[in-house]
Amino acid sequence: MGYQNNIAYLQQLTAAFFEEAYEQLIPTHTINVNVIAKDIDGDYSIVLFPYLKRFSTNPQALGDQIIQFLKAKKIPLQKAEVVKGFLNLTFESAFYDARLNEMFGEGSAFGSSASNGKTVIVEFCSPNTNKPIHLGHIRNILIGWSMSSILEFAGRAVKKVQIINDRGIAICKSMVAWKKLADGATPDSQSIKGDHFVGNYYVQFEKLFQKEYTDWQSGAGLDVYKSLKKEDESKEGFFKRYKNTYFNEYSQIGKEAREMLQQWESGEESVISLWKTMNGWVYDGFDTTYQALGVNFDKLYYESETYLRGKSTVEQGLVDDLFYRKEDGSIWVDLEEYGLDQKILLRSDGTSVYITQDIGTALQRYDDYAFDQCIYVVADEQDYHFQALFATMKKAKYSFSDQLYHLSYGMVDLPSGKMKSREGTVVDADDLITEVIAEAKANAKDSPNLQEITEEERAEVYNRIGLGALKYFILKVAAKKRMTFDPSQSVDMQGQTGPYIQNAYVRINSVLSKSDVDSITLSGEYTWSNQEKNVLILIDSFPRVVQESASEYDPSKVAHYAFDLAKEYHKFYHEHRILTAETDAAKVSRLLLSEVTGNVLKTSLRLLGIEMPERM
RNA sequence: GGCUCCGUAGCUCAGCUGGAUAGAGCAGCUGACUUCUAAUCAGCAGGUCUCAGGUUCGAAUCCUGACGGAGUCACCA
C-alpha cells in the first residue's frame, strides 16, 4: 500500500529542491513530470519552462541546479541532461530492481489505496420492470460495476445499489395485456425467460393500443384533428403529437391500464397479487442476466417502497414554504436561484412524478448508509433531471445534497443510428451475451492449449474470453462520450481488445508455470534493456492510473492502460528469451518482471469486471 | 430558440488540469511460427486535430466566434 510511483517521487524531489534553493513552496502536483517519448533519450523529464521567469533563470542553469540537488541526495541517476527546456533523467538500472521488488511485495494489492473511511453508494442498472435488459443497460451496468470496483480499490467502502422502477403505468400495461391475452400462461409454461415473457405483453399492449388509435384517427378522431390542429399541421404530425392525450382521455385500453394503476395505488388485492407475480417473473429473468454478466448488488431499492416517502417529503416541504402549490393543486419548486427552472414535484391529482421518488430514495439511502457520496450512473439524456434533483435537495437543505453526483454517460448508437424499440433495432442483452460467447468458442475450440482440460473448464474459458471482448469493447470508450456499437467489431479478438490483454496474461502464466525459480529478489546484477524499462515504467504508473480513473469517474483510463501494458509486454516477450535467457540474472529479472506484469494485468481487468482465463 | 455535450486517419477510439516530431486498433499491403501460447510481433501506407481569430516561450488541449452533429427544455421515466 505504501508504493510511491516514480512520477510522484520526482515531483516531490523537485518541490524539495525549490524549497531549499528558492525557499518557495510549489504544490507537488503542479510540477510537470512526464515519461519521455520513446525516441528521446531518458526515462522521465521535468518541464523547466514554468519556473524560468519566476526565478529569473534559464533552462540550463536551473536544470544544472536540480541535477546538483539530486546528486547531493544520492538519487541513483545514470544520466541527467537539459534538452530544450526539459530536464531529462535516466535512472540507474538497479533502481528499477528495487522498484520491482517493492511492487512484487505488494502482491495483488499493488495499485490500491488504504481505506479513507468514506462510504460511497453507486447506483446503476436501474431497469423498468416491463421489458428485458438491452445494450444500453449493459453499458450502464459495466460502467457502474467497474466504477464500483475502482473506487473500492482506491480506498472507499462501496455499496452497489439500484432503484427498480417497479410501479407505474408501464407495468400496468403488461398486466392488462396479460389478462386479456395470456389465458393463464406463465414463463414456465411457455419456456420463456421471465423478463422477455413480460416484455412481450408490453409489446402486445402497444399493438392493441396502436390499432385502437389508428382506427380512431379515421373516425371520431377526425373532428378532434380539425378542431385542435395547428395551422397547416398534417394529420400525421398532429396524431403523433396527440398520442399521449389520446391515451389519457379517449383510449379504452388506456383507461383499463390507468384504472389498474389506481387500483394498485389503493392496494386492491387482486391487482397487487398479479403485480407481484409478474414482477417476480421479471426479477428471475434479470437475475439470470446479471449472473451471466457476473455482476451483483448489495441492496435493491424499489420505487414502490420509496415513492410514498418522496410524497410526504414534498408535502412537508410545502408546509415549510420551500415549495409552492399552484391553483390546480400541483406542487412545484422554484429553482431559479440555481440557474434552473420551475419543476413539478407532485401532480395535481396528488400522484408522484419521477423526481418525487428520487427524493424519497435519496433520503432512504442516507438513512441506510450515511454515505459520503452517492453516485448515480444514468445516461446523459437525464442531465437536466439530476441538476434539478440535486438543486431541490439543496434547497430543502439536506446536509448531503452536495454529496450527490451524476455519473453521466453517453448513449449507445448502432452503425445504423439510434436504437429504437419501435423499429425493432434494440440489441437484447441476453442475445448479445450468447453471441459473444459463441464467437469466442468458434475461435478457441481448436486451440491446442485447451485439449487437456474438461469440457466444463473449456466452457468457462469461452465465457471469460467472450465477455472479455464485449466488456472491453464497451469500457474502452470514455464514459461521458456517446459511442457507436458495431456488433461485428464487438466480437473482435485481435488488436485493442479484451482477449489481446488476456492473451498477454496467459503467456505469462504459461512461462511462470514452466519456471523452476521459486522466490526472487533482485539486486541489480542485470542491466535492463530499453524495452524492459518500458514495461517497468508502465507498471510503476499503475497506481496513478487507478487514482485518475477514480477521481475522473472513468473506467476507460484503466482499460487503455491495460492495453498499453499488454502491448509492451507482448513486444518484450518477442524480443527477449525468458526461461532460456543469456544469464541467470537475466532470467530471474525477466521472470519477476513477468510476474508483476501479470498481476497488474489481472488486477486491471478485474477492475473492469473482466476475468482472466488461465489458458486460451 | 435557451442551456449542456461532442467534432482528431477510410472506420472505432486515445491524447484535452498547455510541453519535445499528434498516437493506437480495425480495414488495406509486405514480412516473421522445428525455438517460453502467432488471439502475437515487425514494417509500409494513411492527418488542414471542423473552420477563423485570440492568449504565450509553446495550443489538438485554454478563451471568443462561426459551422456541423447529439441531448434536453413534459402533470414521461
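We name chains A, B, ... by the order of the sequence lines, and we start the count at 1 in each one.
- Within the 4.0 angstrom heavy-atom criterion, base atoms lie near A:Pro50.
- With hydrogens and angles ignored, no donor-acceptor pair closer than 3.5 Å exists between the side chain of A:Thr497 and the base of B:rA39.
- Note on A:Val353: only backbone sugar-phosphate atoms sit closer than 4.0 angstrom, heavy atoms only; bases stay farther off.
- A heavy-atom distance below 4.5 Å is not found between the side chains of A:Tyr302 and A:Gln357.
- When distances run from any side-chain atom of A:Met616 to the nucleotides B:rA39, B:rU40, B:rA77, the shortest one goes to B:rA39.
- Picking from B:rU21, B:rU72, B:rC57 the nucleotide with the shortest atom distance to the side chain of A:Asp39 gives B:rU21.
- Rounded to a whole Å, the CD atom of A:Glu123 is 13 Å from the C1' atom of B:rA77.
- Comparing atom distances between the A:Ile36 side chain and each of B:rA20, B:rA32, B:rA77 picks out B:rA20 as nearest.
- Both A:Lys514 and A:Asp554 lie near RNA chain B, and the one whose nearest nucleotide falls closer to the 5' end is A:Asp554.
- In this structure, CD of A:Gln547 is placed 16 Å from C1' of B:rU17, rounded to the nearest angstrom.
- Under the Watson-Crick or G-U wobble criterion, with both distances below 3.5 Å, B:rC67 is paired with B:rG7.
- With a 6.0 Å cutoff to the six-membered ring centre and a 45° limit on the axis angle, A:Arg167 counts as a cation-pi contact of A:Tyr307.
- For the pair A:Tyr213 (side chain) and A:Phe239 (backbone), a donor-acceptor distance under 3.5 Å is present.
- Residue A:Phe49 places its side chain closer to B:rG19 than to any other of B:rC26, B:rA20, B:rG19.
- Aromatic rings from A:Tyr405 and A:Tyr553 are positioned such that their centres are separated by under 6.0 Å.
- Residue contacts shown for A:Asp358 are absent, as no nucleic acid heavy atom lies under 4.0 Å away.
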Checklist entry - What string of B, S and - do you get for nucleotides 7-13 of chain B, 5' to 3', when a contact is any protein heavy atom under 4.0 Å? => result S----SS
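- Taking atom CZ on A:Arg615 and atom P on B:rU37, their separation rounds to 11 Å, with Å as the unit.
- Of the side-chain N and O atoms in A:Arg507, one or more sit less than 4.0 angstrom from OP1 or OP2 of B:rA38.
- Using bins of under 30°, 30° to 60° and over 60° for the plane-to-plane angle, the ring pair A:Trp275/A:Trp264 lands in the perpendicular bin.
- Within 4.0 Å (heavy atoms only), A:Lys243 reaches no atom of the nucleic acid at all.
- No engagement by A:Gln502 is indicated, since no non-hydrogen atom pair under 4.0 Å with the nucleic acid exists.
- Proximity note for A:Asn503 (side chain, C-beta onward) versus B:rA39, B:rG25, B:rA20: the nearest is B:rA39.
- A:Leu345 has its CG atom 14 Å from the P atom of B:rA74, to the nearest Å.
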Next on the checklist: The test is salt bridge (Lys or Arg N to Asp or Glu O under 4.0 Å); show your working for A:Lys79 and A:Asp43 and say whether it passes.
Outcome noted: CA-CA 10 Å; A:Lys79 192 172 176 186; A:Asp43 300 341; over 6 Å; no
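- Within 4.0 Å (heavy atoms only), A:Thr351 reaches no atom of the nucleic acid at all.
- Side-chain nitrogen and oxygen atoms of A:Tyr472 include none within less than 4.0 Å of the OP1 or OP2 phosphate oxygen of B:rA39.
- In this structure, NZ of A:Lys571 is placed 20 Å from P of B:rA39, rounded to the nearest angstrom.
- Under the 6.0 Å distance and 45° angle rule, A:Lys476 does not count as a cation-pi partner of A:Tyr500.
- Side-chain atoms of A:Asn449 and base atoms of B:rA39 include no donor and acceptor less than 3.5 Å apart.
- Comparing A:Arg577 and A:Asp492, the nucleotide of RNA chain B nearest to each residue sits closer to the 5' end for A:Asp492.
- Between A:Lys480 and B:rC5, a side-chain N or O to OP1/OP2 separation shorter than 4.0 Å is absent.
- Look at CD on A:Glu381: it is 17 Å from P on B:rC6, rounded to the nearest Å.
- At B:rC57, none of the side-chain N or O atoms of A:Lys84 fall inside 4.0 Å of OP1 or OP2 (strictly under the cut-off).
- A parallel orientation is assigned to the rings of A:Tyr250 and A:Tyr246, their planes being inclined by less than 30° (bins at 30° and 60°).
- The existence of a salt bridge linking A:Asp383 and A:Lys480 is excluded, since no basic side-chain nitrogen approaches an acidic carboxylate oxygen closer than 4.0 Å.
- With rounding to whole Å, A:Gln382 atom CD is found 16 Å from B:rC5 atom C1'.
- Counting non-hydrogen atoms under 4.0 angstrom, A:Phe86 reaches a base of the nucleic acid.
- Residue pairs meeting the salt bridge (charged side-chain N to carboxylate O under 4.0 Å, His left out) criterion with at least one member in residues 555-567 of chain A, sequence neighbours excluded, are A:Glu552-A:Lys557.
- For A:Lys567, a side-chain nitrogen or oxygen approaches OP1 or OP2 of B:rG25 to under 4.0 Å.
- Across all strands shown, A:Asn244 has heavy atoms under 4.0 Å from base atoms, whether or not it also approaches the sugar-phosphate.
- Contacts of A:Ile465 with the nucleic acid, taken as non-hydrogen atoms under 4.0 Å apart, include base atoms.
- In this model, no side-chain donor or acceptor of A:Asp383 finds a partner on the base of B:rU72 within 3.5 Å.
- In this structure, A:Lys343 does not reach the B:rC73 phosphate: none of its side-chain N or O atoms is under 4.0 Å from OP1 or OP2.
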